[in-house]
Amino acid sequence: MGILRKKIAVLAGDGIGPEVCHEAIKVLDAVAERFGHRFTYDYQLMGACAIDATGDPLPESTLAACRAADAILLGAIGDPKYDNNPAAKVRPEQGLLRLRKELGLYANIRPVTAYDILLPHSPLKADRIRGADMLIYRELTGGIYFGEKGRTENGAFDHCTYTRPEITRITHLAFQSAQNRRKKLTLVDKANVLETSRLWREVVQELAPAYPDVAVDYLFVDNAAMQLILNPKQFDVMLTENMFGDILSDEASVIAGSLGLLPSASVGDKAALFEPIHGSYPQAKGKSIANPIATILSVAMMLEHFGLQEAANVVKEAVQDALVQNVLTPELNATSPSTTEQVGTHIAQCVLGFPTSQLHRDNIKAGLSTII
């Protein structure tokens, strides 16, 4: 593939969002330098910072910039002053939900990988999670999060609705992904209780014959939650609706040992957004302790979206180097931690072709290098 020019809308957001986005862009710039591509960045507000500046969690200027971009990089959104106020009429999350709906980002894709070198960091036993490698396909613009909601005099309601086309389009993506992996798809639903789940199961059963090489099984969501802990290696591609996917993908993060390691992509027919699955972690803001790896791996997913598989592989290999060399923030390296900036710099230098970053060489001299 030749030289690419891509415009990226950057929504750094709140809390640690700006810090982890800065390191991800550092890695993107390294990719550009090594491979000759050109990435330009359009920085916009979304989330609590946008409410503070404009009163709107998703200003029209931000939405316009996202429509004009080739991809969107999101840091994190959320602030305790809104989280802890149930009466707040405007919330950061409203901006993200609206962005997904406006851009038609109907498929959220979350890879979950158990890195051998980090197995001790997971609360699960190593023999349960070693070798776990799955993709979770979560429908993102339908279901209970987008259904009619309201209050009555003595109660409240949230309607969960799905249409056949909404289910069909993400099901095709999940089947196609399974064909390129281990050829297994698991639908997670609650078809013994919910009518929407029965529709999901009907659609998947109707489409399955078009993918004869993919084995399909079905799990109720409560059993799936248990199986994720008991035997996560059984899963290849997991397909599910919006709320179930939200919960299960966060549960699956314990397999990797840290939310700070898990990237995601949210894609539609005309737009794509890439973000770490972790929150804004306001307690860590400005302390240089935030793990940027999930955001950097989200950039690798962006490169794959652009068709730059070689560059994406180089970024993944650079992240692996940081893991092996123990160039990690305090959550994963309590004895000789690196800062957010040092982790980003190490990975960027590896992308540029340096076998070991200056940071690691300095650590060796100081006697601080530790291989997990």
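Nothing fancy with the numbering, it's 1 onward along the sequence.
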request  = Flag yes if F244 and M134 sit in one hydrophobic cluster, no otherwise; membership is Ile, Leu, Val, Met, Phe, Trp, Tyr, and two members link when side-chain heavy atoms are under 4.5 Å apart.
outcome  = yes
Are any side-chain N or O atoms of D116 and backbone N or O atoms of R130, one a donor and one an acceptor, separated by less than 3.5 Å? no
Taking the six-membered ring for Trp, are Y162 and W200 parallel (under 30°), tilted (30 to 60°) or perpendicular (over 60°)? perpendicular
ask   = Below 4.0 angstrom, N of the basic side chain to O of the carboxylate: do R201 and D189 qualify?
value = yes
Checklist entry - Do P263 and P111 have side-chain heavy atoms sitting under 4.5 Å apart? => result yes
- request: Carefully, step by step, assess D269 and Y106 under the rule side-chain hydrogen bond (donor to acceptor under 3.5 Å, both in side chains).
  value: CA-CA 9 Å; D269 295 330; Y106 61 83; 3.2 Å; yes
All heavy atoms of F146 vs all of K149, minimum pair found to be N-NZ, 4.4 Å
query: Is the centre of the H121 ring less than 6.0 Å from the centre of the Y115 ring?
result: no
Exercise. Does any N or O in the side chain of R34 come within less than 3.5 Å of the main-chain N or O of V351, such that one atom is a donor and the other an acceptor?
Worked result: yes
- Going only through I, L, V, M, F, W and Y residues with side-chain contacts under 4.5 Å, is there a path from F175 to L219? no
Review point. Is there a salt bridge (Lys or Arg N to Asp or Glu O under 4.0 Å) between R164 and E202 once you walk through the steps?
Key: CA-CA 9 Å; R164 187 174 291 270; E202 288 174 14; 3.7 Å; yes
All heavy atoms of A48 vs all of Y82, minimum pair found to be CB-CE1, 3.8 Å
Q) Are the side chain of T54 and the backbone of A50 linked by a donor-acceptor contact shorter than 3.5 Å? A) yes
Scanning both residues in full, the closest heavy-atom pair of T196 with T161 reads CG2-CA, 4.2 Å
Original post:
Are F306 and V10 connected in a single hydrophobic cluster, I mean Ile/Leu/Val/Met/Phe/Trp/Tyr linked by side-chain heavy atoms less than 4.5 Å apart?
Top reply: yes
Discussion item. For S298 and E275, which I'm curious about, is there any donor-acceptor pair between the side chains at under 3.5 Å?
Written reply: no
key: Pairwise side-chain contact, I347 with D321, heavy-atom cut-off 4.5 Å (strictly under)   = no
Next on the checklist: Using side-chain contact (heavy atoms from CB on, under 4.5 Å), reason through V204 and L239 one step at a time and then give a plain yes or no.
Outcome noted: CA-CA 10 Å; V204 171; L239 170 65; 4.0 Å; yes
Do R98 and E60 meet the salt-bridge criterion of a basic N to acidic O distance under 4.0 Å?
yes
Is a side-chain donor or acceptor of T329 paired with a backbone partner of T340 at a separation under 3.5 angstrom? no
**Residues H305, D70; criterion side-chain contact (heavy atoms from CB on, under 4.5 Å); working and verdict** = CA-CA 10 Å; H305 176 73; D70 295 299; over 6 Å; no
Closest non-hydrogen contact found for I255 with A132 is CG2-CB, 3.9 Å
Next on the checklist: What verdict does the salt bridge (Lys or Arg N to Asp or Glu O under 4.0 Å) test give for D133 and R181, after you've listed the backbone C-alpha separation in whole Å, the side-chain angles of each residue and the deciding distance to 0.1 Å?
Outcome noted: CA-CA 10 Å; D133 177 19; R181 289 172 52 90; 3.7 Å; yes
When rounded to the nearest 0.5 Å, the distance separating NZ of K270 from CG of L105 is 12.5 Å
- Message: Using a 6.0 Å distance limit plus a 45 degree cone around the ring axis, check whether K7 lies over the aromatic ring of F39.
- Response: no
In this structure, CG of L74 is separated from CG of L96 (nearest 0.5 Å) by 6.5 Å
* Does a salt bridge link D52 with K81, judged by any charged N lying under 4.0 Å from a carboxylate O? -> yes
*Taking K101 for the side chain and L97 for the main chain, is one N or O donor matched with an acceptor at less than 3.5 Å?*
no
Output for pair (C350 SG, Q325 CD), nearest 0.5 Å, gives 7.5 Å
| query | Side chain of R182, backbone of F235: donor and acceptor closer than 3.5 Å? | reply | yes
inquiry  = Apply side-chain contact (heavy atoms from CB on, under 4.5 Å) to residues F274 and S264 and explain how you reach the verdict.
reply    = CA-CA 6 Å; F274 303 86; S264 76; over 6 Å; no
Give a yes or no answer on whether the side chain of E23 reaches the backbone of V20 with a donor-acceptor pair at less than 3.5 Å.
no
So that I can tick it off, tell me whether K190 and E241 are bridged by a salt bridge, with the cut-off set at under 4.0 angstrom between side-chain N and carboxylate O.
no
Below 4.0 angstrom, N of the basic side chain to O of the carboxylate: do E102 and R67 qualify?
yes
Does a donor on one side chain and an acceptor on the other come within less than 3.5 Å for S177 and N180?
no
Exercise. Determine whether the side chains of T152 and N154 contain a donor N or O and an acceptor N or O closer than 3.5 Å.
Key: no
So CG of D14 and CD1 of I77: to nearest 0.5 Å the spacing works out to 7.0 Å
CD1 of I109 to CG of L173, rounded to nearest 0.5 Å, is 6.5 Å
L45 and A53 have their tightest heavy-atom pair at CD1-CB, 3.7 Å
A256 and L261 have their tightest heavy-atom pair at O-CD1, 3.6 Å
| request: Consider only side-chain heavy atoms of I, L, V, M, F, W and Y, link residues closer than 4.5 Å, and tell whether V315 and L118 are in one cluster. | output: yes
NZ of K26 to CG of L28, rounded to nearest 0.5 Å, is 12.5 Å
**Item:** Cation-aromatic face contact R151/F157, 6.0 Å, 45 degrees
**Value:** no
Checklist line | Shared hydrophobic cluster, Y137 / M243 (ILVMFWY, side-chain heavy atoms < 4.5 Å) | finding: no
Q. R138 and N242: side-chain hydrogen bond (donor to acceptor under 3.5 Å, both in side chains), yes or no, with the steps?
A. CA-CA 6 Å; R138 166 193 171 193; N242 203 340; 2.8 Å; yes
*Can you check whether L4's main-chain N or O pairs, donor with acceptor, with H37's side chain at less than 3.5 Å?*
yes
Between the side chains of E139 and T141, is a donor N or O closer than 3.5 angstrom to an acceptor N or O? yes
### Message
Between K184 and D236, does any NZ, NE, NH1 or NH2 come within less than 4.0 Å of an OD or OE carboxylate oxygen?
### Response
no
Regarding E341 and S288, is there a side-chain donor-to-acceptor distance under 3.5 Å anywhere? yes
request  = Report yes or no: does E19 contribute a side-chain atom to a donor-acceptor pair with the main-chain N or O of I16 at less than 3.5 Å?
outcome  = no
- Message: Run the side-chain contact (heavy atoms from CB on, under 4.5 Å) test on M238 and L248 for me, step by step, so that the C-alpha distance in whole Å, both residues' side-chain angles and the decisive distance to 0.1 Å come before the verdict.
- Response: CA-CA 10 Å; M238 179 186 289; L248 291 175; 4.0 Å; yes
Discussion item. Contact between I293 and L323 at the side-chain level, heavy atoms closer than 4.5 Å - yes or no?
Written reply: yes
Check: Are R110 and D250 within salt-bridge range, i.e. N to O under 4.0 Å?
Finding: yes
When you check the side-chain N and O atoms of D29 and Y41, is any donor under 3.5 Å from an acceptor?
yes
Has E317 got a side-chain atom pairing as donor or acceptor with V314's backbone, closer than 3.5 angstrom? no
Quiz item: Do the side-chain N and O atoms of N313 and Q309 include a donor-acceptor pair separated by under 3.5 angstrom?
Solution: yes
Exercise. Given the rule in the side-chain hydrogen bond (donor to acceptor under 3.5 Å, both in side chains) test, do D42 and T40 qualify, once you have shown the distances and angles that lead to the verdict?
Worked result: CA-CA 7 Å; D42 186 356; T40 57; over 6 Å; no
